Q: 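My questions will all concern the structure given below.
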Amino acid sequence: MKTTVKTLLTESPVDTEVVVKGWVRTKRGSKQVTFLEINDGSCFASMQVILDNKNFSNEILQKLRTGTSVKITGKLVASPAPQQPVELQGTKIKIYGEAAADYQLQKKRHSFEFLREIAHLRTRTNTFGAVFRIRNILAKAVHDFFQERNFIYLHSPIITTSDCEGAGEMFNVTNFDLNNIPLTKNNKVDWEQDFFGKMAGLSVSGQLEAEIFACSLGDCYTFGPTFRAENSNTSYHLSEFWMVEPEIAFGDLEDDMDLAEDFIRYLIKAVLEKGKDDLEFFDKRISKGKLKALEKLADAPFNRISYTDAISKLEKKSNKFEFKPKWGMDLQTEHERYLTEKVFKGPVFVTDYPKDIKAFYMRMNKDGKTVAAMDALLPAVGEIIGGSQREERYDLLAARIKEMGLELSDYDWYLDLRKYGTVPHSGFGLGFGRMVQFVTGMKNIRDIIPFPRTPGNAKF
RNA sequence: GCCGGUUUAGCUCAGUCGGUAGAGCAAGCGGCUGUUAACCGCUGGGUCGUAGGUUCAAAUCCUGCAACCGGCGCCA
């Protein structure tokens with residue numbers, strides 16, 4: 001049976017013969033004995049292996065460089081040193097593959113920029129092992145949370161012909177011979193001759209499709225990749241990223257915020273419970289105090305403030321900002337940071353934004369100026385959730401579509417949901433990567449996704 | 001897209017007033033009484049991002065380009 005380092009360290013009885021398979025992290029040699037750290041990715045810790053040099057040839061010992069893959073058989077014993085509970089007294093070694101002498105990973109710290117260039121090897125490091133174990137815990141927790149609440153998981157399409165209100169530039173999907181693109185009489189691209197008979201692209205959001213499910217099957221959610229062809233160059237944007245988008249049937253904005261709050265706390269608790277070892281590493285090496293901050297957040301209610309109130313709070317400190325806050329303008333990053341880090345010292349929902357800076361599908365408030373929108377802002381990462389109550393009144397929705405200069409005919413199916421038995425409903429989108437970023441404290445979103453896609457970069 | 005910064009050994013970096021290159025780690029060799037970022041000694045390793053320019057002389061000063069990083073915008 002295959003045993004992992006994790007089970008050997010936590011479950012296996014001492015003084016039994018065991019087998020460990022993994023990669024050599026470090027070797028420390030002396031005349032009599034050689035120490036190896038064997039890591040297999042199953043947990044943060046490695047297995048310390050002790051080899052009595054006289055039992056092995058020099059040739060074998062030499063091959064055990066950092067990066068070499070091995071199978072080691074031996075006796076699991078209690079360790080005399082405090083750094084690890086148990087260690088392995090190796091008796092047999094099988095080398096699967098040596099690491100060539102130019103292996104780029106070393107025992108010392110590397111820069112994340114360098115590791116990004118070798119994303120196929122960076123998962124062998126402490127940091128990236130920890131990141132992707134945490135990411136896995138969060139992914140499972142997303143499903144657990146919604147499944148426990150009887151939300152239906154919906155696979156929204158990745159290829160789409162409906163542009164979700166220009167949430168971002170879409171990547172085109174085409175089957176055309178790019179050196180010979182069919183043109184219409186007016187010298188425009190003739191999309192009718194393309195694979196789907198019209199212009200298609202990669203989805204920027206699964207929300208509109210989720211609304212269809214919410215207006216029939218009830219509460220539902222999507223969790224999948226989304227794509228934005230924006231030329232965004234920041235540490236918190238990707239061209240391909242994963243988004244969680246729940247949609248609540250018969251729910252208003254309050255329900256939406258309650259769900260979002262519960263959701264974030266659930267995710268944090270899951271990580272605190274199942275990812276302790278990895279979190280301790282982030283707390284120590286990546287973001288000091290992270291563990292305490294997460295523990296505090298796991299039970300704290302989120303603050304809530306309307307956009308209008310937020311603006312007047314910000315206006316009082318106007319001189320602190322490069323961009324002067326003014327009603328009608330979107331909040332700048334510096335404003336959001338001020339709210340989370342200075343005013344509330346914690347997460348905050350900003351609600352009821354002016355209609356002109358929000359999407360067409362958001363529900364108009366009674367004042368006729370604002371819409372039932374909410375953004376959840378977290379310290380350090382900023383906007384992690386954007387959500388709203390959807391406009392369920394046919395006439396108002398149709399009017400907004402026209403007002404935004406969009407074609408009614410493009411949204412006929414979306415309007416049908418309002419025409420035939422409309423219901424109030426609401427939902428939000430959570431940037432999964434930003435959640436991983438927040439939990440781990442990793443500074444750059446390119447370092448919490450296995451293979452980042454950003455403008456000019458799609459290697460691996 | 002805009003603003004700023006960086007680019008020197010496999011990696012992380014130093015290099016003063018312009019005078020032709022350094023350290024630690026890694027690799028190789030040797031030593032060492034159980035190490036844990038092990039330690040000690042020796043060896044090999046460089047077109048200083050790239051293309052030009054200034055100068056007797058450029059890693060160093062100037063210009064273009066590229067890659068990367070940080071901040072901003074767009075958002076999740």
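Computed from a prediction, not measured in an experiment: that's the story for all the values here.
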Q: Partner lookup for B:rC39, please. Criteria are Watson-Crick or G-U wobble with both distances under 3.5 angstrom; report none if nothing qualifies.
A: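 Looking at the geometry, B:rC39 pairs with B:rG31.
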
Q: By nearest nucleotide on RNA chain B, pick out whichever of A:Glu336 and A:Phe114 is the more 5' one.
A: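 Nearer the 5' end of the strand: A:Phe114.
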
Q: Quick check: any donor-acceptor pair below 3.5 Å linking the side-chain of A:Glu87 to the base of B:rG34?
A: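 Between B:rG34 and A:Glu87, which were checked side chain against base, a qualifying N/O pair under 3.5 Å is present.
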
Q: Go through the structure and list residues passing side-chain contact (heavy atoms from CB on, under 4.5 Å) with A:Asp144, not counting sequence neighbours.
A: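 So A:Asp144 forms a side-chain contact (heavy atoms from CB on, under 4.5 Å) with A:Lys140, A:Glu148, A:Tyr266, A:Lys274.
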
Q: Rounded to whole Å, please give me the gap between NE2 in A:His110 and C1' in B:rC68.
A: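 It is 18 Å, rounded to the nearest whole Å.
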
Q: Is any side-chain N or O of A:Arg28 closer than 4.0 Å to OP1 or OP2 of B:rA38?
A: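 The answer is yes; a side-chain N or O of A:Arg28 sits under 4.0 Å from OP1 or OP2.
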
Q: Does the B:rU35 base have a donor-acceptor partner in the side chain of A:Gln83 within less than 3.5 Å?
A: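 Check fails, no donor-acceptor contact within cut-off.
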
Q: Is a donor-acceptor pair below 3.5 Å formed from side chain A:Arg434 to base B:rC75, judging by atom type as modelled?
A: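 It does, because a donor-acceptor pair links the side chain of A:Arg434 to the base of B:rC75 below 3.5 Å.
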
Q: Let me know the distance between CD1 of A:Ile118 and P of B:rG10, rounded to the nearest Å.
A: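 After rounding, the reported distance stands at 14 Å.
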
Q: If you assign each of A:Gly429 and A:Asn444 to its closest nucleotide in RNA chain B, which residue comes earlier from the 5' end?
A: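 Per heavy-atom nearest nucleotide, the more 5' residue is A:Asn444.
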
Q: Expressed in angstrom and rounded to an integer, what is the separation of A:Asp375 atom CG from B:rC75 atom P?
A: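 Rounded to whole Å, this separation is 10 Å.
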
Q: Separation of A:Glu59 atom CD from B:rC29 atom P, in whole Å?
A: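 One finds 12 Å between P of B:rC29 and CD of A:Glu59, rounded.
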
Q: Return the polar atom pairs (N/O with N/O) between nucleotides 25-28 of chain B and the protein under 3.5 Å, or none.
A:
from: B:rC25; atom 1: O2; to: A:Gln106; atom 2: OE1; distance (Å): 3.4
from: B:rA26; atom 1: O4'; to: A:Gln106; atom 2: OE1; distance (Å): 3.4
from: B:rG28; atom 1: OP1; to: A:Arg65; atom 2: NH1; distance (Å): 2.7

Q: Expressed as a whole number of Å, how far does the C1' atom of B:rA67 sit from that of B:rA23?
A: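 The answer is 26 Å between these two C1' atoms.
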
Q: Could you tell me the separation between the CZ atom of A:Phe227 and the P atom of B:rC75, rounded to a whole number of Å?
A: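 Going from CZ in A:Phe227 over to P in B:rC75 covers 20 Å.
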
Q: Provide, to the nearest angstrom, the distance between the CG atom belonging to A:Asp447 and the C1' atom belonging to B:rC68.
A: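 It is 13 Å, rounded to the nearest whole Å.
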
Q: Does a nitrogen or oxygen in the side chain of A:Thr234 sit under 4.0 Å from OP1 or OP2 of B:rC74?
A: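 No, A:Thr234 has no side-chain N/O under 4.0 Å of OP1/OP2 on B:rC74.
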
Q: Taking NZ, NE, NH1 and NH2 as the nitrogens, is one of them in A:Glu261 or A:Arg265 under 4.0 Å from a carboxylate oxygen of the other?
A: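 So A:Glu261 pairs with A:Arg265 through a salt bridge.
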
Q: What parts of residues 449-460 of chain A reach RNA chain B, counting only heavy atoms under 4.0 Å away?
A: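 Residues of residues 449-460 of chain A under 4.0 Å from RNA chain B: A:Asn457.
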
